[in-house]
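Keep in mind the model is a prediction, meaning the values are calculated, not measured.
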Protein chains: 2
Amino acid sequence: MKTPTKSSYHHGDLQKALLNTARLMLEKDGIASLKLRAITRNAGVSATAAAPHFGNLTGLLSALAAQGFDELSEAMSPEHAREPRDVGLAYVRFAIANPGLFTLMFRSDAIDPDHPVLATASERAFARLAALPTCDQSGISPEAAMASLWAKVHGLAVLAIDGLLAPLIRRSSTALTIDQLVEEAFR
Amino acid sequence: MKTPTKSSYHHGDLQKALLNTARLMLEKDGIASLKLRAITRNAGVSATAAAPHFGNLTGLLSALAAQGFDELSEAMSPEHAREPRDVGLAYVRFAIANPGLFTLMFRSDAIDPDHPVLATASERAFARLAALPTCDQSGISPEAAMASLWAKVHGLAVLAIDGLLAPLIRRSSTALTIDQLVEEAFR
DNA sequence: AGACGTAAATTTACACTGTAAAAATAACTT
DNA sequence: AAGTTATTTTTACAGTGTAAATTTACGTCT
């Protein structure tokens, strides 16, 4: 049995070390900087040290994305998000606080959505959304209400990350915040 | 004066030829396949033939994205989109009909948003949205209504492209379409 | 028409990248 | 203590983007 404490591998827990450095690079220099060789170089190991743990670059990025979905699930959990409104707020706030990671989580050409760890992580996060008591309006199926809500929240997150909402907010006469736009979706 | 008819360059109009092959590759094999060498190879020219026209890969992809924004503007023009609702429908339908191109248009790490051609093209498209008569609800600034509308439409487009809306639609008891979700946003 | 200047395209070269295969190293098990 | 296994490095190779120099062809001008 390998002790999961600290130094079960040669150089400590390289798996987590690689994910940590990759995440730092991600939020510092963007997704384009996530080259396998650059990650291992910054972690102080050889170029191919990640292979036994993640297989290839896609595997590493998928694991990183899974970590993101886990954190998002945590932020949207009933403990942290009492009212439905809080779930939407958590979603958008997570995206804005971790723009690189959030973007990676939905970049299906850089990650493998079928990767087991990633798939279960994302499903759990999406389940938090599906569990929302869809404030059903007149004559709208719960699925439609669900999709509409998710689309609006996700759209706000994506547009905000791309800096496309900033001009609108700046131009607004009333003091406008993204939080207000989110809250508006839950009413 | 060079005749802008057809063969003003050595091998015909290489600029457009490269954009055409790149676009075919984009919708066939996704953004990840848009390597500069692969594009020029498929176009039947040498590996560096794109440089005089586009500078580098980012320049070529930016030109391609600009082309996408132009087509999107066209689809959202008053001639094709009479009512506000039609603008939203045009937006989402364009995204679903050209998933690769639409994705590229918002991938700010693969394109240069400050590229003159791209900047003017995207601004024109966004202006079509800003020109919408924001069905102002009670006590909401027009900018907020604008942002909410755009976010919902954009969110629907992005989620649909990623295949994340399909399960919801399939699970819906009532026959649910994306068009219905868009129309719901304009009411 | 013929020579020139200029733009377009190719050739060449180099520093990167991802990853497969073989070799070496250190850990754990018995 | 010896052997087995998992981890890491070394080595190698095909592919990438792009800068620089060279070749090619077009347009222009006397």
For the pair made of [atom1] in [X] and [atom2] in [N], what is the distance, rounded to whole Å?
{"X": "Leu60(A)", "N": "dG18(C)", "atom1": "CG", "atom2": "P", "answer": "10 Å"}
{"X": "His53(B)", "N": "dA9(C)", "atom1": "NE2", "atom2": "C1'", "answer": "8 Å"}
{"X": "Asp13(A)", "N": "dT8(D)", "atom1": "CG", "atom2": "C1'", "answer": "15 Å"}
{"X": "Leu14(B)", "N": "dA7(C)", "atom1": "CG", "atom2": "C1'", "answer": "13 Å"}

Exercise for review: State whether the side chain of Ser141(B) and the backbone N or O of Thr174(A) hold a donor-acceptor pair below 3.5 Å, judged by distance alone.
Suggested key: no
Review point. Should Glu71(A) and Arg124(A) count as an ion pair when the cut-off is N to O under 4.0 Å?
Key: no
Under a 4.5 Å cut-off applied to non-hydrogen side-chain atoms, are [X] and [Y] in contact?
{"X": "Ile111(A)", "Y": "Leu104(A)", "answer": "yes"}
{"X": "Asp13(A)", "Y": "Lys16(A)", "answer": "yes"}
{"X": "Pro99(A)", "Y": "Glu27(A)", "answer": "yes"}

Check your understanding: Do any of residues 18-42 of chain B sit with a heavy atom less than 4.0 Å from DNA chain D, and if so which?
Key -> Lys35(B), Leu36(B), Arg37(B), Arg41(B)
Check your understanding: Nearest of dA9(C), dA19(D), dT19(C) to any side-chain atom of Thr48(A)?
Key -> dT19(C)
Point to revise | Minimum-distance nucleotide (side-chain atoms of Ser46(A) versus dT10(C), dT8(D), dT18(D)) | key: dT8(D)
Point to revise | Working for side-chain contact (heavy atoms from CB on, under 4.5 Å), residues Phe186(A) and Leu89(A) | key: CA-CA 10 Å; Phe186(A) 288 82; Leu89(A) 282 173; over 6 Å; no
Review point. Can you list the stems that DNA chain D is part of, where a stem is at least 3 pairs in a row, each Watson-Crick or G-U, with both distances below 3.5 Å?
Key: C:1-30 with D:1-30
Practice item. Test salt bridge (Lys or Arg N to Asp or Glu O under 4.0 Å) on Asp109(B) and Arg107(A) and set out the steps. Key: CA-CA 12 Å; Asp109(B) 62 328; Arg107(A) 204 159 269 198; 3.0 Å; yes
Side-chain donor/acceptor pairs under 3.5 Å, residues 149-166 of chain A, sequence neighbours excluded:
unit_1, atom_1, unit_2, atom_2, d
Trp150(A), NE1, Tyr91(A), OH, 3.1
His154(A), ND1, Tyr91(A), OH, 2.8

Review point. Does Leu26(B) share a hydrophobic cluster with Leu24(B), counting links as ILVMFWY side-chain heavy atoms below 4.5 Å and allowing steps through other members?
Key: no
Check your understanding: When the nearest nucleotide of DNA chain D is assigned to Val45(A) and to Thr58(B) on a heavy-atom basis, which residue is associated with the more 5' position?
Key -> Val45(A)
Review point. Taking OP1 and OP2 of dT18(D), is either one under 4.0 Å from a side-chain nitrogen or oxygen of Asn56(B)?
Key: yes
